[in-house]
Amino acid sequence: MKSIEFGDLPKRFDIAEREAFWRDRWSALGVEKRDPEAPREKTYVIDSPPPTVSGSLHIGHIFSYTHQDILARYKRMAGWNVAYPMGWDDNGLPTERRVQNYFGVRAEPNVPYIENLDVEIERERAGLKKDQSLVISRQNFIEMCHVVTEMDETVFKDTFNRMGYSIDWSDEYATIDDKSRRIAQRSFLDLYEKGHVYQIEAPTMWDVDFQTAVAQAEVEDRDKGGAYHDIEFGVFEADAPIESFVISTTRPELLAACVGITAHPDDTRFKGLFGKHAVTPGFMVKVPIFPSTEADPEKGTGILMVCTFGDQTDVTWWREQNLELRQILGRNGRILDRTFGSDDGWASEDPERANANYRQIVGKRPPAAKSIMVDLLRDLENSATGNGAPLRDEPRPIQHPVRYYEKGDSPLEYLTTRQWFVRLLDKTDQMLEMGRKMTWHPEFMRKRFENWTENLNVDWCISRQRYFGVPIPVWYPLDDQGEPQYDGAIVATAEMLPVDPESATPPGYSPDQRGIPGGFVGEPDIFDTWFTSSLSPQTVARWGEVDDQMKSMFPMDVRPQGHDIIRTWAFYTIAKAMLHQESVPWHNVMLSGWVLDPDRKKMSKSKGNTVTPVETLDAYGADAVRYWSGSFRLGSDAAHDEAIFKIGGKLVTKIYNAGKFVLSQTAEDGPIVNELDRAFIAELKELVRRVTRAFENYEFSVALQETEKFFWGAFTDNYIELLKRRSRSEDDIAGRASAVAALRLGLNVMLRLFAPFVPTITDEAWSWVFAGETGNQSIHLASWPTVLELDAVAPPANAGSFQAASDAISAVRKAKSESGVSLNRELLRLELESDEQGENELRLVVDDVAAAGGANTIVFTRGTPSADWRYTAKIEPAEVEAKA
RNA sequence: GGGCGGUUAGCUCAGUUGGCUAGAGCGCGUCGUUGACAUCGACGAGGUCACAGGUUCAAGUCCUGUACCGCCCA
C-alpha cells in the first residue's frame with residue numbers, strides 16, 4: 001500500500017502556486033479535449049455563451065460561467081465526450097463604443113483610408129483638443145475594433161484560465177472571424193431562399209445618437225419626466241373655423257408632423273367631429289379627424305394628434321388611415337429642412353406663416369424644438385381659430401414611460417427607413433412549441449420565453465447602420481438615373497462567402513460598374529449582432545463548412561446563459577434553429593441568476609458597485625470562488641458575500657488536511673470487514689446516489705451541499721474520529737486494514753464528488769496516492785463514483801450502526817464538554833444510558849466508540865430516549881484519568 | 001396593468017414526491033486543543049417557516065386571498 005509521509009507535505013496549501021501548477025497540468029494532459037470522432041450519443045455539447053468583449057469581465061460572468069464548468073467537469077467524469085467551446089462576441093456597438101473612447105476616434109463615410117494609421121500623429125496634425133474625436137474611415141475604424149477585441153480577449157482568456165475552466169480552446173471562435181461571418185451570411189442566404197427575410201421601407205425604431213435601427217428586443221422603457229401641453233385646434237368647414245377642441249400632447253415639437261386627429265368612437269365629447277377636418281395651429285395644416293378604439297378617453301383631454309411619428313400607435317394609425325407622411329425628424333435626430341405649400345403632403349392654409357414658424361425649429365434637436373414651439377404657441381397670431389393663444393394652459397408635468405434603445409441615451413424615434421427583417425410574427429406558435437420541447441432549468445424560466453414570444457409585435461429587424469459587424473451580403477442594381485433598385489436585390493452566392501459587398505463585385509457585373517448608372521451598389525448595412533451570436537450552435541458545429549459537424553454536435557445538449565437575455569439570445573437562437581434546421585437548438589436551457597451587491601442591488605458599472613473577479617481570485621483562490629458560485633441554485637440571484645468565499649477557502653483547507661491525514665495512515669492490504677466500516681460505506685453509497693441524482697437534475701447546489709455536509713459531518717467529525725485508534729492498532733491487524741481501506745475509499749469517493757466544484761484541491765489530494773493506484777493522472781480523467789463500485793463492500797449487519805456510533809460519540813463529547821473535561825482525556829469507565837434498541841445497535845461498534853471516547857470500559861444502563869438524545873453519557877469525576 | 005420569482009434563526013441560504021423533534025454556515029455564548037486541521041475542535045442558545053383562510057390523519061411543503069421585496073413585459 002502506497003501512503004504518504006505526513007511531514008513531506010507542506011503545512012499549508014499554497015493556493016496560488018498549486019492552482020497555476022494544475023492549470024498547466026490539465027492542459028498538458030488534455031483534460032478538456034473532446035474527441036471529434038466520437039458519435040453524437042456519447043457526446044455532450046455545451047453551447048457556451050460568447051461573452052461580449054467590451055472591456056472587462058465582472059463577477060457576474062464568473063458566477064454563471066462557473067455553473068457551466070461544474071456541469072462540464074461532471075459530465076466528463078460521468079463518461080461523456082464533452083464539447084465545451086468558447087467564443088467571443090466582438091461584433092456590435094459595445095466594441096465600437098470602446099474603440100471610440102479608447103482611441104478618441106469616430107468613423108464617418110467618405111473619409112479616406114490611412115495605411116498604418118497612428119492616431120496620436122493624426123490628432124496632432126489635425127490640431128485636436130482632448131475631448132475632440134479624430135474622424136477616420138470605416139476601414140481604419142474596423143481595424144481598430146480588431147485590435148481592441150484581441151486585447152480584451154487575451155484578458156478574458158486569462159481570467160477564464162485562472163478560474164480553472166475546462167474550456168476546449170481548439171473550438172474557439174469569434175463572431176467577427178471568417179468562419180462566423182461565413183455562417184452568418186450563409187444563414188441569410190438560407191433565410192432568403194426560404195422566404196423568411198424581407199426588406200421594407202417603413203417606420204422603424206431608430207436611435208438618433210447611434211443612427212441605427214434597433215429591434216424590439218433591444219428596447220426598454222424608462223420612466224421620465226415630461227409635460228402635457230394643451231393645444232387648441234380649429235375645426236374647419238368650407239375653409240372657415242366653425243368650432244375648436246383642445247388636445248394634450250407631450251411632444252408639441254412634432255406639431256408640424258401632425259397628420260390626423262383621433263378620439264375614441266364612443267366618446268360623446270368628440271362624436272360630432274369624426275369625418276371633419278381640423279386645422280393645426282401655427283402651421284395651418286388641414287388634417288382628418290377619425291375615431292379609433294386605441295384612443296384612451298382617460299388620457300389627457302381624450303382627443304389627440306397623430307404625428308409621423310411619435311410612437312408605435314402613430315405608425316398604426318398612419319398605416320390604417322392611409323394618412324400623409326410628413327416626416328420632420330432626420331436620422332441624426334434634428335428637425336429636417338422642409339417647406340410648406342411646396343409639394344405633395346405639405347399643403348397649408350397659410351404657407352407663409354407655416355414656413356416662418358417652421359424655420360425657427362429647423363436643425364434643432366427635439367428638446368430645443370419643443371421650447372421654441374411652446375413659445376410660438378403662446379402667440380395669438382398662431383391660433384387656428386382666432387380664439388387666443390393656442391397653448392391653453394401652462395404645461396402640466398407628468399412622469400411617463402419613454403422608449404429607449406437599451407444602450408442609448410436619447411429617446412427612440414420612429415423614422416421611415418429601409419430595413420431588412422426576419423419574419424417571425426407569423427411563427428410564434430411554432431416558437432412556443434419549440435420552447436415546450438426543451439427542458440428549462442429552473443422550469444419557471446420557460447414562462448419568460450413564452451411571455452416574450454406571445455407579446456412580440458414587430459418582426460426581427462436585422463439590419464444595422466453601423467460598421468463593426470457582419471455585412472449583409474447583398475447588392476442593388478442602379479437604374480439609368482443611378483437610383484438603387486431595391487426590389488432587384490442581388491444576393492451573394494454560397495461560394496463568395498464571407499463577402500463584403502462594399503468591396504466585392506456581384507455576379508454579372510464588373511468592378512468598374514460600382515456606383516454608376518446601370519451599374520450596382522453594395523448594401524452598406526451590417527447585421528444585428530444577435531443575428532450572428534444566435535448562430536452559436538451552428539458556428540461551433542461548422543454548419544455548411546467543409547468540416548461540417550452538425551451530425552455529431554447538433555442539436556446541442558445545453559445552453560447556459562443569464563435570464564436577462566432570454567428574449568434576445570435564447571429567443572433568436574431558437575428561431576434560427578427552427579428556420580434553418582426545423583429543430584430545437586438544444587435539449588436543455590440552464591439559466592443562472594445575477595450577482596447582487598450586499599445591498600441587493602444589481603451590480604453594474606454605472607453604479608460603481610462592481611467587484612472585479614481578479615481581486616476576488618487573488619484573495620480567495622479559484623476553488624473558493626467556484627464554491628461560492630456552486631452554492632447557489634440556478635436562476636436565483638446571489639449576493640456578493642465575502643463570508644461564502646471564506647467558507648469555500650475553509651473547505652479547501654479541510655480537504656487538504658483530511659486528505660493528508662487519511663493517506664498517511666498505513667496498514668496491511670485487506671478487505672473492509674468491520675461493522676462500522678461497512679456501515680460507513682453504506683452511508684456513502686446513499687450519498688453517491690443523491691449527489692448523482694442532483695447533478696442529473698442540474699441541481700448543482702444540492703450536490704455540493706450534500707457532499708459538503710457528509711464530508712464535514714459524517715466523514716471528518718465522526719468517522720475519522722471513531723477510527724483514529726483502530727487505524728493505528730498494533731494488534732488488530734484485520735481491523736486496522738479494514739479501517740484504512742474504508743478511510744481511503746471514503747476519501748477517494750468524496751474527492752471525486754467534490755472535483756467539479758473545487759478542481760484544484762481535489763486533484764492535488766488525488767495525486768498523492770490515487771493517481772498512481774488508478775492510473776488516472778488527474779481526478780478529472782477519473783470516472784464519476786457509482787453505487788455499483790461501492791457494492792464491492794458487503795453491507796453492514798445493521799443498517800443503523802454508523803448512526804448509532806455517531807450518536808454515541810456525540811453523547812460522550814457532550815458529557816465531557818458539560819463536565820469541563822477535555823475531549824482527549826481518558827476515562828476509566830464510561831456509562832451510557834439508552835433503551836434496549838440503542839444498546840443493541842451499539843454493541844456491534846462499541847469498541848470503536850470506546851476508543852474514540854477514550855473510555856477503557858463502557859457500561860450500559862437503561863433509560864428512555866427523549867427527543868433530544870438516544871444515548872446519554874455519564875462521567876464521574878473520579879473516573880477521569882489524571883493528566884499525564 | 002399583465003406575468004414570474006421570493007418572504008424559513010441576528011445574517012446568507014437549504015428544506016426532494018405533504019410524514020418523526022424545521023437544518024447548515026457565518027455571527028453569538030461556554031469550554032477545549034502540542035500526533036489531520038487555529039483557515040481548529042466540541043457543546044450550547046436562537047425560529048408562532050410574511051399574514052389570513054382552506055384541503056388533509058398530517059402543511060414550511062398543496063389550494064385561495066392579502067401584504068411586502070425583486071425581476072420581466074406593457
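This structure is a prediction, so every number in the text was calculated from the model and none was measured.
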For this session: Could you check whether A:Glu443 gets within reach of a base, just the sugar-phosphate, or nothing at all, counting any heavy atom under 4.0 Å?
Result: nothing
Exercise. Looking at B:rA42, B:rA36, B:rG3, which one has an atom nearest to any side-chain atom of A:Arg813?
Worked result: B:rA42
For this session: Please tell me which of the listed nucleotides, B:rA36, B:rC43, B:rA42, lies nearest to the side chain of A:Asp717?
Result: B:rA42
For this session: Indicate, with a heavy-atom threshold strictly under 4.0 Å, whether A:Ser664 touches base, sugar-phosphate, or nothing.
Result: nothing
Exercise. Can you find a donor-acceptor N/O pair under 3.5 angstrom joining the side chain of A:Lys11 to the base of B:rA36?
Worked result: no
Problem set entry | Distance in angstrom units between A:Trp628 CH2 and B:rU12 C1', rounded | 13 Å
Exercise. For A:Lys660 and B:rG35, what is the distance between atoms NZ and C1' respectively, to the nearest whole Å?
Worked result: 12 Å
Exercise. Closer than 4.0 Å, any side-chain N/O of A:Lys646 to the OP1 or OP2 of B:rG25?
Worked result: no
Exercise. Base, sugar-phosphate, or nothing: which does A:Arg633 touch, judged by heavy atoms less than 4.0 Å apart?
Worked result: sugar-phosphate
For this session: Report yes if some heavy atom in the side chain of A:Leu722 is under 4.5 Å from a heavy atom in the side chain of A:Phe680; otherwise report no.
Result: no
For this session: For B:rG5, take OP1 and OP2 only and decide whether either is under 4.0 Å from a side-chain N or O of A:Lys447.
Result: no
Exercise. For the rings on A:Phe700 and A:Phe632, is their centre-to-centre separation under 6.0 Å?
Worked result: no
For this session: Name the closest nucleotide to the A:Thr653 side chain, picking from B:rA14, B:rC73, B:rC37.
Result: B:rC37
Exercise. B:rC73 C1' sits how many Å from A:Asp221 CG, rounded?
Worked result: 9 Å
Seminar exercise, completed: Of the listed B:rA36, B:rG25, B:rA74, the closest approach to the A:Ile647 side chain comes from B:rG25
For this session: Toss me the dot-bracket line for RNA chain B: Watson-Crick and G-U wobble, both under 3.5 Å, 5' to 3', using | for pairs to another strand and [ ] for crossers.
Result: (((((((..((((.....[...)))).((((((....).))))).....(((((..]....)))))))))))).
Exercise. Of the nucleotides B:rU16, B:rA42, B:rC40, which one has an atom closest to the side chain of A:Lys654?
Worked result: B:rC40
For this session: Quick one: list whatever passes side-chain contact (heavy atoms from CB on, under 4.5 Å) with A:Ala804, sequence neighbours left out.
Result: A:Glu841, A:Leu842, A:Arg870, A:Tyr871
Problem set entry | N or O in side chain of A:Gln705 less than 4.0 angstrom from B:rU12 OP1/OP2 | no
Exercise. Hey, does A:Arg728 reach any base, or is it just sugar-phosphate, or nothing, if we go heavy atoms under 4.0 Å?
Worked result: sugar-phosphate
Problem set entry | Residue list, salt bridge (charged side-chain N to carboxylate O under 4.0 Å, His left out) with A:Lys724, at least two apart or on another chain | A:Glu721
Exercise. Between A:Tyr414 and A:Phe309, is the gap from one ring center to the other below 6.0 Å?
Worked result: no
Exercise. Using a cut-off of 4.0 Å on non-hydrogen atoms, how would the nucleic acid contact of A:Ile644 be classed: base, sugar-phosphate, or nothing?
Worked result: sugar-phosphate
Exercise. Do A:Phe711 and A:Phe757 have ring centroids that are under 6.0 Å from one another?
Worked result: no
Exercise. Distance check: side-chain N/O of A:Lys814 vs OP1/OP2 of B:rG44, anything under 4.0 Å?
Worked result: yes
Problem set entry | Whole-Å distance separating the CH2 atom of A:Trp452 from the C1' atom of B:rC4 | 16 Å
Exercise. In terms of the angle between their ring planes, are A:Phe571 and A:Trp452 parallel, tilted or perpendicular, with boundaries placed at 30° and 60°?
Worked result: perpendicular
Exercise. Which of these nucleotides, B:rA36, B:rC73, B:rA14, is closest to any side-chain atom of A:Glu721?
Worked result: B:rA36
For this session: Look at the side chain of A:His67 and the backbone N and O of A:Ser629, then say whether any donor-acceptor pair between them is shorter than 3.5 Å.
Result: yes
For this session: Measure the distance from NZ on A:Lys816 to P on B:rC43 and round it to the nearest whole Å.
Result: 12 Å
